[in-house]
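In what follows, a structure is listed as structure tokens, so that the remarks can point back to it.
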Amino acid sequence: MTTEIRERAGKSKDIIKKDGKTFFEFTNRTTAFDGVKKDEFAHKGEICCKLSAYWFEIMESEGIPTHFRAFVPPNTMEVKHLEIIPVEVICRNFVAGSLLRRHESGDAVPAGIEPRLGAKILDPIVEFTTKFEAVDRPIDHEEIMKNGWLRREELDSIAECTRKVNNIMKRRLSDKGIILADFKIEFGKNSAGEILLADELGTPDGCRFWDLDSYENGEIVSLDKDVYRYDKGDLSDVYQRIYQRICE
Ligand code: UDP
């Protein structure tokens, strides 16, 4: 008899351990504002799983190691077992979200950045936030190292890898008329201590996607979870459309 162990991995995914293998199941659960807003949307899990598989395969082909092993239709992927590094990595090409909120509550934005929704950031920023606290907060390199989560050279290599992932996604999305405004990624370590790209990738849950034509006409049209966060449209419709634009 095979036993299956299921546990929650973050707010929208489950981890399943079965026959010595590890699987990520992408559910339809949707949350925003650190879990304050919660709902379920049809097909969301399937779309985010297929998009992640699509992007992980691209990263592997570009020489970036990931935890992806295989897509298991409709909404599951087999992954390599990793110990997740307890920080989230955020990369920003345009001003939005918490960067703007931090500025509005008195924090200075990094030099050279205009604190306006939609302003382009010429030299993309890579930032870290906590992962396992009730509310994510920005964390600096010193605190990450003091907690023993990463060494300096590991932090540097994660930042460099994040910039590579950014360049690969940004270029491919721009060919499809989509701006990658910002995104969040996670990394994990395997038993040999190697750092691999983990979690999910290039989904509308973890990225801000904006329609390029609309942006050039002075309007920000969100093709991501902001439609749910700010009640700007039907999430299932928007996710289906972004999936088709990226993958078909
Ligand atoms: N993000 C995410 N999970 C989080 C926090 C952020 O996927 O727990 C993504 C978010 O969708 C956006 C990017 O990371 O694409 C930057 O998010 P930001 O820090 O601006 O915070 P938010 O406005 O999402 O609260």
Side-chain angles (χ1 to χ4, degrees), residues 8-13 24 26-39 41 44-45 47-49 51-52 55-56 84-105 107-110 113-121 124-140 158-159 161-163 165-166 169-170 173 178-188 197-211 215 220-233 235 238-239 242-243 246:
R8 288 221 164 173
K11 300 185 184 82
S12 66
K13 289 177 293 285
F24 258 32
F26 288 68
T27 75
N28 290 333
R29 296 194 299 266
T30 309
T31 66
F33 308 120
D34 292 301
V36 171
K37 195 172 173 183
K38 280 189 217 168
D39 284 287
F41 288 94
K44 172 185 178 271
I47 290 169
C48 290
C49 187
L51 270 166
S52 292
W55 286 114
F56 280 134
I84 291 295
I85 296 165
V87 292
E88 303 192 340
V89 188
I90 301 216
C91 182
R92 302 180 185 278
N93 297 307
F94 288 81
V95 173
S98 70
L99 176 65
L100 203 54
R101 291 199 300 279
R102 290 200 309 261
H103 168 73
E104 285 161 0
S105 59
D107 283 4
V109 290
I113 294 176
E114 186 193 348
R116 167 181 62 82
L117 175 66
K120 189 165 187 193
I121 300 171
I125 331 174
V126 175
E127 305 174 326
F128 295 87
T129 70
T130 55
K131 176 167 167 63
F132 292 122
E133 296 181 0
V135 175
D136 299 340
R137 65 180 169 89
I139 182 168
D140 61 23
I158 284 181
C161 179
T162 302
R163 288 179 195 284
V165 169
N166 183 38
M169 292 207 293
K170 206 165 62 169
L173 287 165
I178 300 161
I179 289 177
L180 178 62
D182 60 27
F183 63 94
K184 184 260 319 180
I185 50 179
E186 296 182 23
F187 292 85
L197 189 55
D199 194 52
E200 63 179 88
L201 182 66
T203 72
D205 266 14
C207 302
R208 283 197 168 88
F209 297 130
W210 295 340
D211 180 67
Y215 181 86
I220 291 177
V221 173
S222 296
L223 306 167
D224 55 55
K225 198 160 86 173
D226 273 352
V227 297
Y228 170 70
R229 292 190 185 96
Y230 304 110
D231 300 315
K232 292 198 279 188
L235 182 140
V238 171
Y239 277 37
I242 191 75
Y243 170 72
I246 296 175

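When a residue number appears, it is its place in the shown sequence, counting from 1. For ligands, and for the atoms within them, numbers begin at 1 and follow the listed sequence.
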Short N or O separations between ligand 1 and the protein, below 3.5 Å:
{"residue": "ligand 1", "atom": "7 (O)", "partner": "D205", "partner atom": "O", "Å": "3.4"}
{"residue": "ligand 1", "atom": "8 (O)", "partner": "E88", "partner atom": "OE1", "Å": "3.3"}
{"residue": "ligand 1", "atom": "8 (O)", "partner": "D136", "partner atom": "OD2", "Å": "3.0"}
{"residue": "ligand 1", "atom": "11 (O)", "partner": "D205", "partner atom": "O", "Å": "3.4"}
{"residue": "ligand 1", "atom": "11 (O)", "partner": "R229", "partner atom": "NH2", "Å": "3.0"}
{"residue": "ligand 1", "atom": "15 (O)", "partner": "D182", "partner atom": "OD1", "Å": "2.6"}
{"residue": "ligand 1", "atom": "15 (O)", "partner": "R208", "partner atom": "N", "Å": "3.3"}
{"residue": "ligand 1", "atom": "19 (O)", "partner": "R92", "partner atom": "NH2", "Å": "2.8"}
{"residue": "ligand 1", "atom": "19 (O)", "partner": "S98", "partner atom": "OG", "Å": "2.5"}
{"residue": "ligand 1", "atom": "20 (O)", "partner": "R92", "partner atom": "NH1", "Å": "3.2"}
{"residue": "ligand 1", "atom": "20 (O)", "partner": "R92", "partner atom": "NH2", "Å": "3.4"}
{"residue": "ligand 1", "atom": "20 (O)", "partner": "S98", "partner atom": "N", "Å": "2.8"}
{"residue": "ligand 1", "atom": "20 (O)", "partner": "S98", "partner atom": "OG", "Å": "3.4"}
{"residue": "ligand 1", "atom": "20 (O)", "partner": "R208", "partner atom": "NH1", "Å": "3.1"}
{"residue": "ligand 1", "atom": "23 (O)", "partner": "S98", "partner atom": "N", "Å": "3.4"}
{"residue": "ligand 1", "atom": "23 (O)", "partner": "R101", "partner atom": "NH1", "Å": "3.2"}
{"residue": "ligand 1", "atom": "23 (O)", "partner": "R208", "partner atom": "NH2", "Å": "2.7"}
{"residue": "ligand 1", "atom": "24 (O)", "partner": "R229", "partner atom": "NH2", "Å": "3.4"}
{"residue": "ligand 1", "atom": "25 (O)", "partner": "R101", "partner atom": "NH2", "Å": "2.9"}

Is D224 salt-bridged to R208, cutoff N-O under 4.0 Å?
no

Practice item. Specify whether Y228 and F41 have parallel, tilted or perpendicular ring planes, treating 30° as the upper limit for parallel and 60° as the lower limit for perpendicular. Key: perpendicular

For W210 and V95, the nearest pair of non-hydrogen atoms, with its separation, is CH2-O, 3.8 Å

Heavy-atom nearest pair, L180 first then F94, reads O-CD1, 4.1 Å

Next on the checklist: side-chain hydrogen bond (donor to acceptor under 3.5 Å, both in side chains), that's the test. Do R92 and S98 meet it? Break it down for me.
Outcome noted: CA-CA 11 Å; R92 302 180 185 278; S98 70; 3.0 Å; yes

Residues D231, K37: salt bridge by 4.0 Å N-O rule: yes

